[in-house]
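The next block holds one structure in the form of structure tokens; read it before the comments.
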Amino acid sequence: MNRFTRSALGGLALAVASGAAAETTLKIESWRVDDKDLWEDTLIPAFEESHPDIDLKFVPTTPTEYDSSVRARLEGNTGGDIITCRAFDQSLALYKRGHLMALNGKPGMEHFPDSAKVAWQTDDGESTYCMPVASVIHGFFYNKAVFEELGLEKPGTVKEFFAVLDELEASSYAPIALGTADQWETHQVVYTGIGPNYWHGEEGRKALLAGEAKFTDPEFVAVWKQLERWREYLPRGYQAQSYADSQNLFALGRAAIYPGGSWDISYFNDNALQDFGAFAPPVPEAGDQCYISDHTDMGMGINADSEHQAEALAFLEWVASKEFAELYANNVTGFFPLSEHTIDIQNPVAAEMVSWREDCQSTIRLNAQIMNRGDPNMESAMWVTHSRLLNGKIDAEKAASVIQQGFEHWYEPQQDGGS
């Protein structure tokens, strides 16, 4: 027996004699590269304090490579124990291939409402395969100094919104910081942000899936009608303005209103030259029920081939806790826990946005579930269509016709509305 073997056996004997438990290592797969320090400095120590027998390793992959890389590792049986789940089809495909464990009835799942689970369920709603973690909320940011200078109040209705825009148009400030060069924000931020107040959130979204509504119906066309009116309030040369340009325009105080998402808060915290606040998408008429796009962004699941499923379930139960919710919300500003725990969010703008849940009904981005599966792809069609409308190339009726024709070209309605 060599010296190394004697030493190793001696250490093992000491561990057994002292009753020390063997440590299990769980590897967490994620695309959230920017969260590495958060996990290593804050979240992992908090978890391991109450679970000293479990060692967590956060191993992120570049976002653009994550989907293909994690799929290859799972298929090669080299994937991590915990899989960070994108919403809807990417993770559904992993579950259908047998790579994710079903989580129905598992400890912690009771802390999430049904609306939070839909992004990680089968189309029939029978199986849930990832635990909801965080969402992002859409709305408007505004420059407080500009509003004070011009005597403006946060608008609550569409009429008030355009009255504010008229005041801004007559000033030296650009009313709305938005361009169409990158296209995506015209849909993911703007259309799906202001639209739920017209189609009544989940009611309208599910009606489309059930074949009980069409994009050519008045409640959908009205959103495009509103966007037609935005043209005169956009910055000069907005057709060549990128997402980053819009952020910069607002941060420098040259534009008064920025349509965005809660994920933008961190950027403006670091870069805005003046104090900013937020207001929810205005409702069509005073007294109307308000709706917000409270879009499911990230979940966590368990590798169905993991050798440490019991420990992985213990970790997910902790992810469902109030402790995790508060730590995550206050360290990843603008990403809001989906659990029903009441938590204290310290950032004032983030706290304002999440407070909208108290009065407004939450919904997800209109076409996130099922509608992007066909040809033509609805997400791509929406980007192009909304950009063309804002650029004055088509009107609201044409936009509605294009999207409806593309959808009905391949889609057979589901009578359960996709829930």
Side-chain angles (χ1 to χ4, degrees), residues 115 136-171 173-178 186 189-208 213 215-234 255-262 276-295 336 348-366 386 389-390 396-397 399-400:
S115 60
V136 290
I137 294 177
H138 299 194
F140 293 86
F141 300 117
Y142 70 99
N143 185 311
K144 288 187 173 182
V146 172
F147 269 53
E148 183 176 354
E149 175 190 336
L150 300 178
L152 302 175
E153 299 290 336
K154 294 192 295 183
T157 66
V158 171
K159 181 178 179 179
E160 292 169 351
F161 178 62
F162 281 99
V164 167
L165 295 181
D166 286 336
E167 292 289 333
L168 290 168
E169 179 66 15
S171 73
Y173 303 102
I176 302 176
L178 176 70
T186 66
V189 175
V190 178
Y191 185 80
T192 64
I194 66 174
N197 280 330
Y198 289 89
W199 60 68
H200 297 169
E202 287 295 274
E203 179 184 329
R205 186 184 72 82
K206 291 183 177 180
L208 286 170
F215 285 99
T216 49
D217 291 344
E219 63 268 30
F220 298 97
V221 176
V223 188
W224 282 301
K225 288 283 191 183
Q226 187 189 139
L227 288 185
E228 286 181 335
R229 298 178 64 187
W230 282 37
R231 295 169 187 157
E232 61 186 284
Y233 303 106
L234 300 181
I257 295 174
Y258 175 89
S262 55
F276 67 100
F279 61 87
V283 295
E285 301 290 342
D288 285 353
Q289 171 65 52
C290 58
Y291 299 82
I292 55 171
S293 179
D294 188 357
H295 186 68
F336 303 114
V349 180
E352 166 67 23
M353 296 186 81
V354 79
S355 75
W356 300 339
R357 289 175 173 173
E358 298 171 9
D359 297 318
C360 304
Q361 294 184 23
S362 293
T363 185
I364 60 175
R365 289 177 186 156
L366 182 65
H386 297 152
L389 182 139
L390 284 168
E397 287 77 13

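Keep in mind that what you see is a predicted model, and the values were worked out from it rather than measured. Note that the numbering runs from 1 along the sequence shown for the chain.
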(message) Testing F141, Y258, F147, Y142 one by one against F276 for a ring pair (Phe, Tyr, Trp, His ring centres under 6.0 Å), which residue passes?
(response) F141
(request) Check the pair I194, L227 against side chain to side chain contact (heavy atoms under 4.5 Å, CB included), reporting the backbone distance first and the verdict last. (result) CA-CA 10 Å; I194 66 174; L227 288 185; 4.0 Å; yes
(request) Tell me, please, which residues at least two apart from Y173 pass side-chain hydrogen bond (donor to acceptor under 3.5 Å, both in side chains). (result) E149
(message) Taking side chain to side chain contact (heavy atoms under 4.5 Å, CB included) as the definition, give me every residue that meets it alongside A145, ordered by chain and number, with sequence neighbours left out.
(response) N143, Q274
(message) Testing the basics here: between T192 and L366, what is the closest heavy-atom pair and its distance to 0.1 Å?
(response) CG2-N, 3.9 Å
(message) Go through it in stages, so that I can follow the logic: the residues are I257 and V164, the test is side chain to side chain contact (heavy atoms under 4.5 Å, CB included), and I'd like the CA-CA distance, side-chain angles, deciding distance and then a yes or no.
(response) CA-CA 10 Å; I257 295 174; V164 167; 4.1 Å; yes
(request) Looking only at non-hydrogen atoms, find the nearest pair between F215 and V221 and report the distance. (result) O-CG2, 3.7 Å
(request) Mind jotting down which residue pairs meet the side-chain hydrogen bond (donor to acceptor under 3.5 Å, both in side chains) criterion with at least one end in residues 155-170? Sequence neighbours excluded, please. (result) D166-Y233
(request) For T363, enumerate each residue passing the side-chain hydrogen bond (donor to acceptor under 3.5 Å, both in side chains) test, keeping only those at least two apart in sequence or located in another chain. (result) E202
Show me the donor-acceptor pairs within less than 3.5 Å that the side chains of residues 283-291 make with the rest of the protein, sequence neighbours left out.
from, atom 1, to, atom 2, distance (Å)
D288, OD2, E285, N, 2.9
Q289, NE2, D359, O, 3.0

(message) For a 4.5 angstrom cut-off between non-hydrogen side-chain atoms, does V136 reach R365?
(response) yes
(message) Could you check whether any side-chain heavy atom of L178 comes within less than 4.5 Å of a side-chain heavy atom of L390, counting everything from C-beta outward?
(response) yes
(message) Could you work out, with ring pair (Phe, Tyr, Trp, His ring centres under 6.0 Å) as the rule, every residue matching F336, not counting sequence neighbours?
(response) none
(request) Could you name each residue pair satisfying salt bridge (charged side-chain N to carboxylate O under 4.0 Å, His left out) that touches residues 217-230, not counting sequence neighbours? (result) K225-E397
(message) By the salt bridge (charged side-chain N to carboxylate O under 4.0 Å, His left out) test, which pairs, at least two apart or in different chains, include something from residues 190-201?
(response) none
(request) Could you tell me which residues satisfy side-chain hydrogen bond (donor to acceptor under 3.5 Å, both in side chains) with W199, sequence neighbours excluded, listed by chain and number? (result) none
(message) Going by side chain to side chain contact (heavy atoms under 4.5 Å, CB included), name the residues that satisfy it together with A280, two or more places apart in sequence or in a different chain.
(response) W356
(request) Provide the closest heavy-atom pair for G193 versus S293 in the form atom of the first, atom of the second, distance. (result) CA-CB, 4.4 Å
(request) Answer whether the closest heavy-atom distance between the side chains of V158 and Y198 falls below 4.5 Å. (result) yes
(request) Identify the two heavy atoms, one from P259 and one from W230, that lie closest to each other, and give their separation to 0.1 Å. (result) CG-CZ3, 4.2 Å
(request) Might you point out which heavy atoms bring P281 and N197 nearest each other, and give the distance in Å? (result) O-ND2, 2.9 Å
(request) Tell me, with the steps shown, if L168 and L152 meet side chain to side chain contact (heavy atoms under 4.5 Å, CB included). (result) CA-CA 9 Å; L168 290 168; L152 302 175; 3.8 Å; yes
(message) Could you report the tightest heavy-atom contact between Y191 and P196, atom names first, then the distance?
(response) O-CD, 4.4 Å
(request) Using the test side-chain hydrogen bond (donor to acceptor under 3.5 Å, both in side chains), find all partners of R357 that sit at least two apart in sequence or belong to another chain. (result) S135, D294
(message) Could you check, using the six-membered ring where one of them is a Trp, whether F161 and F140 have ring centers closer than 6.0 angstrom?
(response) yes
(message) For I137, is there any backbone N or O sitting under 3.5 Å from a side-chain donor or acceptor partner on S262?
(response) yes
(request) Tell me, please, which residues at least two apart from A399 pass side chain to side chain contact (heavy atoms under 4.5 Å, CB included). (result) W224, T385, L389, I394
